[in-house]
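Notes follow once the structure below has been shown.
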There are 2 protein chains.
Amino acid sequence: MGSVAPTEAEVRVLDAAEELFYARGLQAVGMDAIRGASGVSLKRLYQLFPSKDVLVEAYLRRRDERWRAALASHAEALPAGRERVLAVFDWLERWFAEDGFRGCAFVNSFGELGGVSPAVAEAARAHKDAFRRYLGGLVTEAGAPAPLGGQIALLAEGAIVTAAVSGDPGAARTAREAASVLLAPYFACEPR
Amino acid sequence: MGSVAPTEAEVRVLDAAEELFYARGLQAVGMDAIRGASGVSLKRLYQLFPSKDVLVEAYLRRRDERWRAALASHAEALPAGRERVLAVFDWLERWFAEDGFRGCAFVNSFGELGGVSPAVAEAARAHKDAFRRYLGGLVTEAGAPAPLGGQIALLAEGAIVTAAVSGDPGAARTAREAASVLLAPYFACEPR
DNA sequence: CCACGTGGAGAACGAACGTTCTCCACCGTG
DNA sequence: CACGGTGGAGAACGTTCGTTCTCCACGTGG
(Lines give C-alpha, C1' and ligand atoms only; values in the text may rest on other atoms or scores of the structure.)
Protein backbone atom coordinates (compact mmCIF):
# COMPACT_ATOMS: atom_id res chain seq x y z
CA MET A 1 0.00 0.00 0.00
CA GLY A 2 2.94 2.36 -0.09
CA SER A 3 2.83 5.58 -1.99
CA VAL A 4 6.32 6.71 -2.83
CA ALA A 5 7.38 10.01 -1.34
CA PRO A 6 5.38 12.68 -3.16
CA THR A 7 7.28 15.29 -5.11
CA GLU A 8 6.88 18.92 -4.20
CA ALA A 9 4.81 19.57 -7.34
CA GLU A 10 2.50 16.72 -6.37
CA VAL A 11 1.94 18.30 -2.98
CA ARG A 12 1.24 21.68 -4.50
CA VAL A 13 -1.29 20.18 -6.89
CA LEU A 14 -3.05 18.26 -4.16
CA ASP A 15 -3.12 21.31 -1.89
CA ALA A 16 -4.69 23.40 -4.64
CA ALA A 17 -7.11 20.65 -5.59
CA GLU A 18 -8.24 20.21 -2.02
CA GLU A 19 -8.83 23.87 -1.44
CA LEU A 20 -10.75 24.35 -4.67
CA PHE A 21 -12.69 21.07 -4.79
CA TYR A 22 -13.79 21.44 -1.20
CA ALA A 23 -14.81 25.06 -1.53
CA ARG A 24 -16.58 24.94 -4.89
CA GLY A 25 -17.33 21.34 -5.69
CA LEU A 26 -15.74 18.86 -8.07
CA GLN A 27 -17.33 19.82 -11.35
CA ALA A 28 -17.16 23.55 -10.75
CA VAL A 29 -13.36 23.46 -10.66
CA GLY A 30 -11.51 23.04 -13.93
CA MET A 31 -8.05 21.68 -14.43
CA ASP A 32 -7.02 25.18 -15.43
CA ALA A 33 -8.00 26.56 -12.05
CA ILE A 34 -5.90 23.90 -10.37
CA ARG A 35 -2.98 24.68 -12.58
CA GLY A 36 -3.32 28.38 -11.73
CA ALA A 37 -3.60 27.80 -7.99
CA SER A 38 -0.78 25.29 -7.85
CA GLY A 39 1.63 27.03 -10.22
CA VAL A 40 2.29 23.72 -11.90
CA SER A 41 2.15 23.62 -15.67
CA LEU A 42 -0.64 21.72 -17.36
CA LYS A 43 1.81 19.31 -18.88
CA ARG A 44 3.31 18.40 -15.53
CA LEU A 45 -0.12 18.26 -13.95
CA TYR A 46 -1.16 15.59 -16.44
CA GLN A 47 2.10 13.73 -15.90
CA LEU A 48 1.36 13.52 -12.21
CA PHE A 49 -2.39 12.84 -12.53
CA PRO A 50 -3.28 11.50 -15.95
CA SER A 51 -6.91 12.59 -15.72
CA LYS A 52 -9.20 14.67 -13.57
CA ASP A 53 -10.84 11.53 -12.23
CA VAL A 54 -7.50 10.32 -10.95
CA LEU A 55 -6.88 13.68 -9.30
CA VAL A 56 -10.31 13.63 -7.67
CA GLU A 57 -9.63 10.20 -6.26
CA ALA A 58 -6.23 11.28 -4.96
CA TYR A 59 -7.84 14.31 -3.34
CA LEU A 60 -10.41 12.14 -1.59
CA ARG A 61 -7.82 9.58 -0.50
CA ARG A 62 -5.53 12.15 1.05
CA ARG A 63 -8.39 14.00 2.68
CA ASP A 64 -9.68 10.79 4.24
CA GLU A 65 -6.28 9.95 5.70
CA ARG A 66 -5.65 13.41 7.06
CA TRP A 67 -9.12 13.95 8.46
CA ARG A 68 -9.16 10.70 10.36
CA ALA A 69 -5.62 11.16 11.59
CA ALA A 70 -6.46 14.63 12.92
CA LEU A 71 -9.54 13.30 14.68
CA ALA A 72 -7.60 10.42 16.19
CA SER A 73 -4.79 12.62 17.35
CA HIS A 74 -7.27 14.90 19.11
CA ALA A 75 -9.22 12.07 20.71
CA GLU A 76 -6.18 10.19 21.84
CA ALA A 77 -4.93 13.14 23.85
CA LEU A 78 -7.50 11.97 26.39
CA PRO A 79 -7.54 8.65 28.19
CA ALA A 80 -9.83 5.97 26.85
CA GLY A 81 -13.35 6.23 28.17
CA ARG A 82 -16.36 8.46 28.09
CA GLU A 83 -14.34 11.66 27.82
CA ARG A 84 -12.58 10.42 24.73
CA VAL A 85 -15.87 9.69 23.02
CA LEU A 86 -17.18 13.13 23.83
CA ALA A 87 -13.94 14.72 22.70
CA VAL A 88 -14.95 13.81 19.17
CA PHE A 89 -17.70 16.40 19.36
CA ASP A 90 -15.33 19.04 20.67
CA TRP A 91 -13.08 18.38 17.73
CA LEU A 92 -16.08 18.64 15.39
CA GLU A 93 -17.04 21.97 16.89
CA ARG A 94 -13.61 23.40 16.24
CA TRP A 95 -13.77 22.11 12.69
CA PHE A 96 -17.21 23.64 12.11
CA ALA A 97 -15.93 27.01 13.21
CA GLU A 98 -13.04 27.04 10.75
CA ASP A 99 -13.11 29.53 7.92
CA GLY A 100 -14.47 27.93 4.81
CA PHE A 101 -16.04 24.97 6.55
CA ARG A 102 -18.52 23.51 4.13
CA GLY A 103 -19.45 20.13 5.56
CA CYS A 104 -18.06 16.70 4.87
CA ALA A 105 -16.06 16.54 1.65
CA PHE A 106 -17.25 12.98 1.13
CA VAL A 107 -20.91 13.72 1.60
CA ASN A 108 -20.56 16.67 -0.75
CA SER A 109 -18.77 14.59 -3.36
CA PHE A 110 -21.30 11.82 -2.96
CA GLY A 111 -24.14 14.25 -3.50
CA GLU A 112 -22.50 15.62 -6.60
CA LEU A 113 -21.17 12.50 -8.30
CA GLY A 114 -22.20 9.50 -6.21
CA GLY A 115 -25.04 8.74 -8.58
CA VAL A 116 -22.80 8.74 -11.59
CA SER A 117 -19.30 7.75 -10.45
CA PRO A 118 -18.88 4.45 -8.61
CA ALA A 119 -15.38 5.49 -7.55
CA VAL A 120 -16.66 8.57 -5.74
CA ALA A 121 -19.52 6.66 -4.16
CA GLU A 122 -17.12 4.02 -2.95
CA ALA A 123 -14.70 6.59 -1.52
CA ALA A 124 -17.52 8.12 0.49
CA ARG A 125 -18.74 4.74 1.67
CA ALA A 126 -15.26 3.72 2.78
CA HIS A 127 -14.67 6.98 4.62
CA LYS A 128 -17.92 6.81 6.50
CA ASP A 129 -17.36 3.18 7.29
CA ALA A 130 -13.93 3.90 8.74
CA PHE A 131 -15.34 6.76 10.79
CA ARG A 132 -18.11 4.56 12.16
CA ARG A 133 -15.68 1.80 13.01
CA TYR A 134 -13.36 4.23 14.74
CA LEU A 135 -16.18 5.66 16.82
CA GLY A 136 -17.34 2.13 17.61
CA GLY A 137 -13.89 1.37 18.93
CA LEU A 138 -13.93 4.44 21.15
CA VAL A 139 -17.31 3.42 22.53
CA THR A 140 -16.45 -0.19 23.27
CA GLU A 141 -13.07 0.65 24.74
CA ALA A 142 -14.98 2.98 27.05
CA GLY A 143 -16.94 -0.01 28.22
CA ALA A 144 -20.24 0.83 26.55
CA PRO A 145 -22.01 -1.69 24.31
CA ALA A 146 -21.05 -1.64 20.65
CA PRO A 147 -24.44 -0.67 19.20
CA LEU A 148 -24.12 2.65 20.96
CA GLY A 149 -21.30 3.43 18.54
CA GLY A 150 -23.78 3.47 15.68
CA GLN A 151 -26.09 5.83 17.51
CA ILE A 152 -23.29 8.22 18.36
CA ALA A 153 -22.03 8.10 14.80
CA LEU A 154 -25.50 9.19 13.67
CA LEU A 155 -25.30 12.19 15.97
CA ALA A 156 -21.90 13.12 14.58
CA GLU A 157 -23.09 12.81 10.97
CA GLY A 158 -26.15 14.83 11.74
CA ALA A 159 -24.06 17.52 13.36
CA ILE A 160 -21.75 17.74 10.36
CA VAL A 161 -24.51 18.12 7.82
CA THR A 162 -26.49 20.50 10.01
CA ALA A 163 -23.51 22.71 10.74
CA ALA A 164 -22.71 22.82 7.04
CA VAL A 165 -26.15 23.68 5.75
CA SER A 166 -27.28 25.96 8.55
CA GLY A 167 -23.85 27.45 9.16
CA ASP A 168 -24.20 26.99 12.90
CA PRO A 169 -21.22 25.31 14.66
CA GLY A 170 -23.48 24.87 17.71
CA ALA A 171 -24.77 21.64 16.21
CA ALA A 172 -21.66 20.03 17.66
CA ARG A 173 -22.66 20.96 21.16
CA THR A 174 -26.21 19.73 20.68
CA ALA A 175 -24.83 16.43 19.46
CA ARG A 176 -22.39 16.25 22.33
CA GLU A 177 -25.17 16.68 24.85
CA ALA A 178 -27.27 13.98 23.23
CA ALA A 179 -24.28 11.65 23.14
CA SER A 180 -23.65 12.35 26.77
CA VAL A 181 -27.21 11.32 27.60
CA LEU A 182 -26.91 8.12 25.57
CA LEU A 183 -23.64 7.31 27.32
CA ALA A 184 -24.90 8.14 30.80
CA PRO A 185 -26.35 4.75 31.82
CA TYR A 186 -22.94 3.16 31.48
CA PHE A 187 -21.16 5.72 33.63
CA ALA A 188 -23.83 6.13 36.22
CA CYS A 189 -21.95 7.91 38.97
CA GLU A 190 -19.32 10.00 37.23
CA PRO A 191 -19.84 13.76 37.14
CA ARG A 192 -20.38 16.20 34.30
CA MET B 1 -47.68 33.02 -2.46
CA GLY B 2 -49.94 31.34 -4.97
CA SER B 3 -48.60 29.51 -7.92
CA VAL B 4 -51.23 29.37 -10.62
CA ALA B 5 -52.43 25.91 -11.55
CA PRO B 6 -49.53 24.21 -13.33
CA THR B 7 -50.09 23.14 -16.90
CA GLU B 8 -49.67 19.51 -17.78
CA ALA B 9 -46.41 20.24 -19.59
CA GLU B 10 -45.09 21.97 -16.49
CA VAL B 11 -45.86 18.89 -14.42
CA ARG B 12 -44.18 16.61 -16.93
CA VAL B 13 -41.07 18.78 -16.94
CA LEU B 14 -40.90 18.92 -13.17
CA ASP B 15 -41.43 15.16 -12.90
CA ALA B 16 -38.61 14.50 -15.33
CA ALA B 17 -36.36 17.07 -13.68
CA GLU B 18 -36.93 15.60 -10.26
CA GLU B 19 -36.21 12.06 -11.35
CA LEU B 20 -33.05 13.00 -13.22
CA PHE B 21 -31.65 15.65 -10.91
CA TYR B 22 -32.17 13.47 -7.88
CA ALA B 23 -30.67 10.37 -9.43
CA ARG B 24 -27.66 11.89 -11.19
CA GLY B 25 -27.09 15.32 -9.72
CA LEU B 26 -27.79 18.80 -11.02
CA GLN B 27 -24.84 19.38 -13.31
CA ALA B 28 -24.79 15.87 -14.74
CA VAL B 29 -28.26 16.36 -16.26
CA GLY B 30 -28.57 18.50 -19.33
CA MET B 31 -31.62 20.32 -20.55
CA ASP B 32 -31.70 17.91 -23.45
CA ALA B 33 -32.11 14.96 -21.11
CA ILE B 34 -35.02 16.69 -19.44
CA ARG B 35 -36.60 17.42 -22.75
CA GLY B 36 -36.23 13.79 -23.74
CA ALA B 37 -37.64 12.43 -20.49
CA SER B 38 -40.53 14.87 -20.36
CA GLY B 39 -41.46 14.78 -24.05
CA VAL B 40 -41.75 18.55 -24.00
CA SER B 41 -40.03 20.44 -26.78
CA LEU B 42 -37.04 22.60 -25.96
CA LYS B 43 -38.90 25.71 -27.02
CA ARG B 44 -41.76 25.05 -24.65
CA LEU B 45 -39.36 24.01 -21.91
CA TYR B 46 -37.69 27.41 -22.10
CA GLN B 47 -41.06 29.14 -22.18
CA LEU B 48 -41.98 27.46 -18.92
CA PHE B 49 -38.57 27.76 -17.24
CA PRO B 50 -36.45 30.48 -18.82
CA SER B 51 -33.18 28.99 -17.61
CA LYS B 52 -31.80 25.88 -16.01
CA ASP B 53 -31.27 27.75 -12.76
CA VAL B 54 -34.94 28.58 -12.63
CA LEU B 55 -35.82 24.95 -13.26
CA VAL B 56 -33.47 23.80 -10.53
CA GLU B 57 -35.08 26.16 -8.08
CA ALA B 58 -38.54 24.99 -9.07
CA TYR B 59 -37.42 21.39 -8.61
CA LEU B 60 -36.14 22.12 -5.13
CA ARG B 61 -39.23 24.12 -4.17
CA ARG B 62 -41.64 21.40 -5.22
CA ARG B 63 -39.56 18.68 -3.64
CA ASP B 64 -39.46 20.55 -0.34
CA GLU B 65 -43.22 20.98 -0.29
CA ARG B 66 -43.98 17.39 -1.20
CA TRP B 67 -41.40 15.84 1.10
CA ARG B 68 -42.57 17.71 4.14
CA ALA B 69 -46.21 17.13 3.32
CA ALA B 70 -45.61 13.39 3.02
CA LEU B 71 -43.78 13.32 6.31
CA ALA B 72 -46.51 15.31 8.03
CA SER B 73 -49.25 13.17 6.63
CA HIS B 74 -47.52 10.05 7.93
CA ALA B 75 -46.81 11.49 11.37
CA GLU B 76 -50.25 12.93 11.83
CA ALA B 77 -51.87 9.55 11.37
CA LEU B 78 -50.82 9.03 14.99
CA PRO B 79 -51.95 11.03 18.00
CA ALA B 80 -49.64 13.74 19.24
CA GLY B 81 -47.03 12.43 21.63
CA ARG B 82 -44.03 10.21 21.79
CA GLU B 83 -45.35 7.81 19.16
CA ARG B 84 -45.74 10.57 16.67
CA VAL B 85 -42.15 11.65 17.15
CA LEU B 86 -40.90 8.13 16.65
CA ALA B 87 -43.12 7.67 13.62
CA VAL B 88 -40.82 10.07 11.80
CA PHE B 89 -38.13 7.40 11.89
CA ASP B 90 -40.50 4.76 10.58
CA TRP B 91 -41.31 7.01 7.70
CA LEU B 92 -37.60 7.58 7.08
CA GLU B 93 -36.98 3.85 7.03
CA ARG B 94 -39.60 3.33 4.35
CA TRP B 95 -38.09 6.15 2.35
CA PHE B 96 -34.57 4.70 2.67
CA ALA B 97 -35.80 1.39 1.31
CA GLU B 98 -37.32 2.90 -1.82
CA ASP B 99 -35.72 2.11 -5.15
CA GLY B 100 -33.36 4.84 -6.17
CA PHE B 101 -33.08 6.38 -2.72
CA ARG B 102 -29.99 8.53 -2.77
CA GLY B 103 -30.18 10.65 0.35
CA CYS B 104 -31.53 14.13 0.86
CA ALA B 105 -31.94 16.08 -2.35
CA PHE B 106 -31.09 19.28 -0.52
CA VAL B 107 -27.92 17.96 1.06
CA ASN B 108 -26.86 16.59 -2.31
CA SER B 109 -27.61 19.86 -4.07
CA PHE B 110 -25.84 21.78 -1.33
CA GLY B 111 -22.78 19.60 -1.70
CA GLU B 112 -22.76 20.11 -5.42
CA LEU B 113 -23.58 23.79 -5.78
CA GLY B 114 -23.90 25.24 -2.29
CA GLY B 115 -20.44 26.72 -2.52
CA VAL B 116 -21.15 28.45 -5.76
CA SER B 117 -24.88 29.17 -5.92
CA PRO B 118 -26.45 31.18 -3.11
CA ALA B 119 -29.91 30.18 -4.32
CA VAL B 120 -29.18 26.48 -3.88
CA ALA B 121 -27.52 27.04 -0.51
CA GLU B 122 -30.51 29.02 0.66
CA ALA B 123 -32.99 26.39 -0.54
CA ALA B 124 -31.14 23.76 1.46
CA ARG B 125 -30.97 25.98 4.52
CA ALA B 126 -34.67 26.73 4.36
CA HIS B 127 -35.60 23.08 3.93
CA LYS B 128 -33.52 21.93 6.86
CA ASP B 129 -34.80 24.75 8.97
CA ALA B 130 -38.40 23.84 8.25
CA PHE B 131 -37.69 20.20 9.02
CA ARG B 132 -36.06 21.09 12.32
CA ARG B 133 -38.93 23.37 13.27
CA TYR B 134 -41.46 20.70 12.40
CA LEU B 135 -39.67 18.12 14.51
CA GLY B 136 -39.38 20.64 17.32
CA GLY B 137 -43.14 21.08 17.20
CA LEU B 138 -43.69 17.34 17.41
CA VAL B 139 -41.38 17.15 20.41
CA THR B 140 -42.90 20.00 22.37
CA GLU B 141 -46.47 18.97 21.62
CA ALA B 142 -45.47 15.61 23.07
CA GLY B 143 -44.58 17.40 26.25
CA ALA B 144 -40.81 17.10 26.01
CA PRO B 145 -38.56 20.14 26.27
CA ALA B 146 -37.84 22.00 23.04
CA PRO B 147 -34.05 21.47 22.94
CA LEU B 148 -34.71 17.77 22.53
CA GLY B 149 -36.08 18.62 19.09
CA GLY B 150 -32.64 19.67 17.98
CA GLN B 151 -31.08 16.45 19.21
CA ILE B 152 -33.66 14.32 17.50
CA ALA B 153 -33.27 16.29 14.30
CA LEU B 154 -29.56 15.49 14.41
CA LEU B 155 -30.37 11.80 14.62
CA ALA B 156 -32.69 12.08 11.65
CA GLU B 157 -30.12 13.95 9.56
CA GLY B 158 -27.46 11.46 10.49
CA ALA B 159 -29.72 8.59 9.53
CA ILE B 160 -30.47 10.13 6.14
CA VAL B 161 -26.85 10.70 5.20
CA THR B 162 -25.75 7.35 6.56
CA ALA B 163 -28.46 5.42 4.77
CA ALA B 164 -27.57 7.22 1.57
CA VAL B 165 -23.84 6.68 1.65
CA SER B 166 -23.77 3.22 3.16
CA GLY B 167 -26.92 2.05 1.41
CA ASP B 168 -28.28 0.58 4.64
CA PRO B 169 -31.88 1.54 5.52
CA GLY B 170 -31.24 0.18 9.01
CA ALA B 171 -29.81 3.55 9.99
CA ALA B 172 -33.41 4.62 10.55
CA ARG B 173 -33.92 1.97 13.19
CA THR B 174 -30.68 2.86 14.94
CA ALA B 175 -31.77 6.48 15.03
CA ARG B 176 -35.21 5.54 16.24
CA GLU B 177 -33.78 3.62 19.15
CA ALA B 178 -31.51 6.48 20.12
CA ALA B 179 -34.43 8.91 19.89
CA SER B 180 -36.47 6.61 22.05
CA VAL B 181 -33.77 6.67 24.72
CA LEU B 182 -33.56 10.46 24.60
CA LEU B 183 -37.32 10.70 24.90
CA ALA B 184 -37.60 8.13 27.69
CA PRO B 185 -37.12 10.40 30.72
CA TYR B 186 -40.23 12.35 29.77
CA PHE B 187 -42.45 9.29 29.39
CA ALA B 188 -41.13 7.36 32.33
CA CYS B 189 -43.80 4.71 32.71
CA GLU B 190 -45.15 4.07 29.24
CA PRO B 191 -44.21 0.78 27.58
CA ARG B 192 -42.21 -0.02 24.46
C1' DC C 1 29.08 25.44 -31.60
C1' DC C 2 25.81 21.61 -32.08
C1' DA C 3 22.50 17.95 -31.02
C1' DC C 4 19.22 16.84 -27.79
C1' DG C 5 16.09 16.10 -24.16
C1' DT C 6 13.26 18.67 -20.58
C1' DG C 7 9.80 21.51 -19.18
C1' DG C 8 6.94 25.71 -19.44
C1' DA C 9 3.32 28.72 -21.67
C1' DG C 10 -0.41 28.63 -23.86
C1' DA C 11 -2.83 27.54 -28.38
C1' DA C 12 -5.63 24.00 -30.28
C1' DC C 13 -8.99 20.31 -30.49
C1' DG C 14 -13.13 17.87 -29.66
C1' DA C 15 -16.97 17.12 -26.86
C1' DA C 16 -20.78 18.64 -24.02
C1' DC C 17 -23.96 21.89 -22.82
C1' DG C 18 -27.11 26.05 -22.20
C1' DT C 19 -29.61 28.75 -25.11
C1' DT C 20 -31.47 30.52 -29.41
C1' DC C 21 -32.86 30.20 -34.15
C1' DT C 22 -34.65 28.14 -38.49
C1' DC C 23 -37.76 25.64 -40.86
C1' DC C 24 -41.95 23.44 -41.49
C1' DA C 25 -46.31 21.05 -40.62
C1' DC C 26 -50.66 22.03 -38.82
C1' DC C 27 -54.96 24.46 -37.77
C1' DG C 28 -58.56 27.82 -37.62
C1' DT C 29 -60.53 31.88 -40.04
C1' DG C 30 -61.77 34.92 -44.17
C1' DC D 1 -57.42 28.60 -51.23
C1' DA D 2 -54.68 32.33 -48.85
C1' DC D 3 -52.98 33.64 -44.43
C1' DG D 4 -51.30 34.13 -39.93
C1' DG D 5 -50.09 32.14 -35.73
C1' DT D 6 -48.65 28.10 -32.85
C1' DG D 7 -45.70 24.60 -31.63
C1' DG D 8 -42.46 20.79 -32.61
C1' DA D 9 -37.91 18.92 -34.27
C1' DG D 10 -33.62 19.67 -34.28
C1' DA D 11 -29.72 22.55 -36.28
C1' DA D 12 -26.80 26.23 -34.88
C1' DC D 13 -24.13 29.24 -31.82
C1' DG D 14 -21.10 30.46 -28.27
C1' DT D 15 -18.86 28.98 -24.25
C1' DT D 16 -16.56 25.99 -21.10
C1' DC D 17 -13.70 22.29 -20.21
C1' DG D 18 -10.76 18.05 -20.34
C1' DT D 19 -7.00 16.83 -22.83
C1' DT D 20 -3.31 17.13 -26.22
C1' DC D 21 -0.15 19.52 -29.16
C1' DT D 22 3.08 23.19 -30.75
C1' DC D 23 6.62 26.04 -30.06
C1' DC D 24 10.43 27.76 -27.75
C1' DA D 25 13.89 28.74 -24.18
C1' DC D 26 17.28 26.49 -21.60
C1' DG D 27 20.81 23.51 -19.96
C1' DT D 28 23.94 19.43 -20.75
C1' DG D 29 27.27 16.48 -23.02
C1' DG D 30 30.16 16.01 -27.08
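Naming: A, B, ... by sequence-line order, numbering from 1 per chain.
One axis for each end of the helix from C:dC1-D:dG30 to C:dG30-D:dC1, each built from five base pairs, and the angle between them comes to 30° at 10° resolution.
By the 30° and 60° cut-offs, the orientation of the rings of B:F101 relative to B:F96 is tilted. Aromatic ring orientation, B:F131 versus B:W67: perpendicular (interplanar angle above 60°, classes split at 30° and 60°).
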Please encode protein proximity along nucleotides 6-13 of chain C as a string of B, S and -, counting only heavy-atom distances under 4.0 Å. -BBSB---
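In this structure, NZ of B:K52 is placed 15 Å from P of C:dA16, rounded to the nearest angstrom. Atom CG in A:L20 sits about 12 Å away from atom P in D:dG18, given to the nearest Å. B:F21 has its CZ atom 12 Å from the C1' atom of C:dG18, to the nearest Å. Put simply, CD on A:Q27 is 12 Å from C1' on C:dC17, counting in whole angstrom units. Rounding to whole angstrom units, CG of residue A:D32 and P of D:dT20 are separated by 14 Å. Note: OH (B:Y46) to P (C:dT22) measures 17 Å, nearest angstrom.
A cation-pi contact, defined as under 6.0 Å to the ring centre and within 45° of the axis, links B:R63 to B:Y22. For the pair A:R102 and B:F110, the distance from NZ or CZ to the six-membered ring centre is under 6.0 Å and the angle to the ring normal is within 45 degrees.
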How far apart are the C-alpha atoms of A:V139 and A:Q151, what are their side-chain angles, what is the distance that settles it, and do they pass the side-chain contact (heavy atoms from CB on, under 4.5 Å) test? CA-CA 10 Å; A:V139 164; A:Q151 299 185 358; over 6 Å; no
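Electrostatic pairing of A:R94 and A:E98 does not count as a salt bridge here, judged by no charged N lying under 4.0 Å from a carboxylate O.
Contact of the B:I160 side chain with the B:W95 side chain is registered, since non-hydrogen atoms from C-beta on lie closer than 4.5 Å.
The salt bridge (Lys or Arg N to Asp or Glu O under 4.0 Å) test with A:E18 is passed by exactly one of A:R24, A:R12, A:R62, A:R61: A:R62.
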